[in-house]
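Only one structure is covered here, and it is reproduced in the block below.
Just so you know, these numbers use all the heavy atoms, side chains as well, and skip hydrogens, waters and symmetry mates. The residues of the chain are indexed from 1 along the displayed sequence.
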Amino acid sequence: MRKTRLFWQLYPSYLIIALLPLIAVIWYASGALQQFYHDQTLSELQARALLLEEEIRMLLVAEQFDRVDAICKELGGKTSTRVTVVLPDGKVVGDTRQSPAGMENHADRPEIIGALAGQIRAAVRYSETLKKNLMYVAVPVRQDDRTIGAVRTSLSAAFSLRQFYLDRTVSDLQTRARLVEDEMLQVWQDEGPQGVDRLCKKLGSNAATRVTVILPDGKVIGDSEESPEKMDNHSDRREMIDARAGGTGRALRHSHTLSQDMMYVAIPVKVEQQVAFILRMSIPATTIDRAVSSIRRNILAGAVVVLLLVAGVSLIVSRRISRPLEQLKLGAGRFAAGDLDHKLPVARSQEIGALAETLNQMATELDDRIRAVVRQRNEREAILSSMVEGVLAVDLRQRLISLNEAGAKLLGVDARTAHGRTLQEVVRNEPLQKLVAAVLASREPMEEEIVFFDNENRFLQAYGTVLGDASGQLFGVLLVLHDVTRIRRLESVRHDFVANVSHELKTPVTSIKGFVETLLDGAMHSPEDTERFLQIVAGQTDRLSAIIDDLLDLSRIEKEAGRAEIALAQGPIKNVLEAACELCRNKASQKEIEFELTCDDALQAAINPPLLEQAVVNLIDNAIKYSPAGKPIHLVAARNEAEIVICVRDHGCGIPAEHLPRLFERFYRVDKARSRKLGGTGLGLAIVKHIAQAHGGRASVDSTPNQGSTFAIHLPCARTPVDA
């Protein structure tokens with residue numbers, strides 16, 4: 001369950017209690033204002049209906065129904081009021097908006113029922129004809145103590161402050177238009193359009209109202225704000241359309257001439273029952289908006305002042321109650337953050353003061369216990385972080401609960417993000433997951449060798465056992481990981497080395513033994529065969545001797561490098577390269593191969609010249625063996641940002657990419673038959689690699705089949721020898 005602060009429980013409560021009366025007052029004021037609009041509209045409709053009752057009564061007695069409908073349309077248009085006349089049987093004989101013949105029987109309308117019963121009745125309901133709520137007021141039309149019909153008037157029932165002002169504004173503009181109607185007609189007949197425009201500007205200036213006179217075809221002949229010649233045709237204006245039809249037109253829209261919203265009211269001015277022109281009055285809608293906004297601002301300002309007073313009083317009361325508890329809460333928070341030396345202030349209140357003293361005592365005891373726990377935790381983590389073995393623990397759902405740095409490094413994960421995640425998410429290794437599941441199932445210690453197949457296969461020896469608490473309750477599995485990759489690789493190298501040495505030595509020994517047996521079997525009596533066989537035996541003996549010499553050299557280099565007995569001194573690189581070229585020049589001249597040497601005379605490094613010369617000779621010897629006759633061999637030595645690189649590039653047959661990673665292994669051959677034919681021992685590149693490592697560097701190769709190969713020795717710029 002979500003908890004909230006005491007202050008936020010008290011303050012809203014007090015605020016709500018204080019705001020309820022304010023809301024009630026606002027609600028009452030709003031209802032009273034709406035009732036005021038309602039009563040005003042009702043009174044106005046009733047007055048209009050009563051004014052029409054006498055004239056309508058005379059026409060109904062004379063059964064001049066066409067004249068009744070004409071009066072409804074004329075007076076309704078002039079007063080912006082819908083007027084309807086209904087007979088006692090509910091038949092409509094006159095209406096401002098529609099033809100009576102097309103209207104439904106109104107005998108079931110509540111206001112009509114009341115009026116036909118001799119009463120003045122009102123009703124508010126939705127008009128299907130106008131698609132909005134209307135207020136209807138019906139008064140009876142009586143003759144000789146009997147009801148001969150009913151006159152009904154109606155207006156929009158949108159009882160809002162803005163609508164009230166709009167209706168009053170329309171009524172006011174209509175009154176102004178009626179007041180100047182006769183004067184405008186007289187000027188129009190006497191002086192024409194020029195006099196009309198002059199009078200418009202005079203009336204507009206005096207009455208702060210825009211006055212416009214428009215002919216029935218939409219042409220403007222007078223306007224108080226603009227020259228009529230510059231104004232658009234007004235035939236499509238909404239108020240114009242209604243006024244041409246004989247009624248009072250009204251519209252609230254944007255004026256492109258004045259660039260503001262305007263309220264327009266237009267009335268037709270007739271001469272001999274024909275519309276001579278349309279007289280339109282308008283004022284800016286901002287006047288209405290300002291009046292409405294002023295009332296709303298006053299109401300809002302009063303509400304805000306009351307709200308602020310209520311909020312202030314509620315705040316003071318709430319704070320007096322919650323402040324002491326808030327201080328205790330802040331002090332407890334400092335305790336939780338580890339600041340147990342902080343002391344809570346003891347309040348005068350007996351209950352809160354006793355609570356503060358108890359919390360202070362608790363903080364002292366917690367400080368002692370936490371110090372002990374932190375010391376034990378630091379000791380445990382120091383032990384785990386110092387271990388070279390990886391240690392990880394998972395719970396019963398195989399979620400990681402502990403992982404030391406060594407374990408994270410062995411598994412290749414981030415210990416900070418792995419905590420709380422499942423073992424399957426952190427480590428994608430099925431044997432490791434099966435080992436954890438097996439330990440959980442058997443609850444017995446188990447051991448398994450786990451292999452991670454990545455860029456370089458890694459071998460981990462995993463020991464798993466169950467984790468239990470002091471009561472013996474099982475809650476997880478503990479794994480200890482040992483990295484045995486180096487051991488497995490050494491075993492593999494040793495196995496391969498023994499196999500390769502055995503194979504390489506067995507081949508010449510077998511050949512020597514075979515030819516010796518052949519000689520003993522009688523071939524020695526043939527001088528020609530004897531000489532040929534002895535030459536072969538001598539060649540195989542030389543090959544056997546070369547293999548043994550290379551093995552001894554390789555062993556010596558590894559031994560001296562491992563004991564740091566190889567002496568390195570700053571010396572020029574170019575001298576070593578030139579000496580290596582001289583040693584190989586006779587062999588190169590047999591294939592008409594030239595050396596192209598590029599090396600700065602000032603280029604120096606920490607080197608052992610004899611060893612580096614041997615490595616370069618091995619690379620040049622290989623280049624000569626696999627280069628076609630007449631193709632040069634390039635030797636380039638240069639310094640880059642971090643090292644010195646010695647490159648030997650040939651134009652031979654090249655080496656396929658799949659052989660490059662193993663090319664510097666002992667006895668590894670790309671083409672074994674060709675290598676033996678050329679007299680190689682299979683140890684030359686291995687010797688190059690170990691000489692480079694003895695210098696603190698490395699060896700590399702880059703080759704493209706049928707284009708040639710580039711072997712390189714990378715030497716550090718400073719003297720940093722490392723173990724081979």
Side-chain angles (χ1 to χ4, degrees), residues 1 332-340 362-363 365-492:
M1 181 178 179
R334 296 182 66 171
F335 291 161
D339 186 9
L340 297 176
M362 179 194 69
E365 295 178 359
L366 279 177
D367 190 26
D368 295 337
R369 296 185 182 183
I370 290 175
R371 290 179 188 276
V373 171
V374 170
R375 183 175 62 254
Q376 294 172 2
R377 184 194 63 188
N378 292 340
E379 291 172 355
R380 183 180 66 252
E381 294 202 354
I383 293 172
L384 289 175
S385 62
S386 300
M387 293 177 63
V388 295
E389 294 85 0
V391 179
L392 65 95
V394 296
D395 60 15
L396 295 177
R397 289 188 288 178
Q398 297 193 21
R399 291 183 306 183
L400 210 62
I401 58 178
S402 180
L403 177 65
N404 68 348
E405 289 297 328
K409 186 179 297 184
L410 290 176
L411 298 176
V413 300
D414 187 353
R416 294 170 296 180
T417 60
H419 186 77
R421 299 167 60 191
T422 62
L423 188 62
Q424 291 82 356
E425 292 180 82
V426 176
V427 183
R428 302 287 185 175
N429 188 279
E430 186 177 358
L432 185 63
Q433 297 165 11
K434 287 183 176 180
L435 175 61
V436 173
V439 172
L440 284 173
S442 65
R443 301 197 176 187
E444 296 291 335
M446 300 185 71
E447 180 180 349
E448 185 73 33
E449 185 171 284
I450 309 297
V451 182
F452 285 83
F453 298 97
D454 44 22
N455 295 334
E456 296 182 359
N457 294 342
R458 291 181 292 117
F459 299 86
L460 302 181
Q461 193 71 25
Y463 300 90
T465 185
V466 294
L467 282 174
D469 55 21
S471 62
Q473 182 69 30
L474 176 67
F475 67 86
V477 174
L478 178 69
L479 291 179
V480 179
L481 305 175
H482 297 271
D483 189 358
V484 294
T485 304
R486 180 177 175 82
I487 296 174
R488 295 293 178 266
R489 288 178 180 171
L490 290 176
E491 289 177 353
S492 177

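The two residues Leu478 and Ala393 come nearest to each other via the heavy atoms CD1-CB, 4.2 Å. Taking every heavy atom of both residues into account, Leu481 and Ala462 meet most closely at CD2-CB, 3.6 Å. Scanning all heavy atoms of the two residues, the minimum distance from Ala418 to Leu403 falls at CB-CD2, 4.5 Å. The minimum heavy-atom distance linking Asp483 with Phe459 is given by the pair OD1-O, 3.3 Å.
The salt bridge (charged side-chain N to carboxylate O under 4.0 Å, His left out) pairs that include a residue from residues 402-414 are Asp414-Arg416, where partners are two or more places apart or lie in different chains.
For Pro431, the side-chain contact (heavy atoms from CB on, under 4.5 Å) partners are Asn429, Ile450, not counting sequence neighbours. Listed by chain and number, the residues in a side-chain hydrogen bond (donor to acceptor under 3.5 Å, both in side chains) with Glu448 amount to none (sequence neighbours excluded). A search for ring-ring contact (aromatic ring centres under 6.0 Å, His included) contacts involving Tyr463 returns His482, not counting sequence neighbours. For Arg421, the side-chain contact (heavy atoms from CB on, under 4.5 Å) partners are Thr417, Glu425, Val426, not counting sequence neighbours. Remark: Glu389 engages no residue in a side-chain hydrogen bond (donor to acceptor under 3.5 Å, both in side chains) (not counting sequence neighbours). Checked against salt bridge (charged side-chain N to carboxylate O under 4.0 Å, His left out), Arg443 has no partners two or more places apart in sequence or in another chain. Every side-chain contact (heavy atoms from CB on, under 4.5 Å) that Asn404 has, sequence neighbours left out, goes to Leu384, Met387, Val391, Ala406. Applying the salt bridge (charged side-chain N to carboxylate O under 4.0 Å, His left out) rule to Glu430 yields the partners Lys434; only residues at least two apart in sequence or on another chain are considered. Glu449 meets the salt bridge (charged side-chain N to carboxylate O under 4.0 Å, His left out) test with Arg488; sequence neighbours excluded. Under the rule for a side-chain contact (heavy atoms from CB on, under 4.5 Å), the partners of Leu479 that lie at least two apart in sequence or sit in another chain are Leu392, Leu432, Leu435, Val436, Val477.
Going from atom CE of Met446 over to atom CG of Leu440 covers 11.0 Å, rounded to the nearest 0.5 Å. With values rounded to the nearest 0.5 angstrom, Thr465 atom OG1 is found 8.5 Å from Glu444 atom CD.
Taking the side chain as every heavy atom from C-beta outward, Leu410 and Phe452 never approach each other to under 4.5 Å. The side-chain heavy atoms of Thr422 and Leu400, taken from C-beta on, include no pair separated by under 4.5 Å.
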Which side-chain N or O atoms in residues 368-375 pair as donor and acceptor under 3.5 Å with protein atoms at least two apart or in another chain?
{"residue": "Arg371", "atom": "NE", "partner": "Asp367", "partner atom": "OD1", "Å": "3.2"}
{"residue": "Arg371", "atom": "NE", "partner": "Asp367", "partner atom": "OD2", "Å": "3.3"}
{"residue": "Arg371", "atom": "NH2", "partner": "Asp367", "partner atom": "OD2", "Å": "3.4"}

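Gln424 and Gln398 share a donor-acceptor pair across their side chains, judged by distance under 3.5 Å alone.
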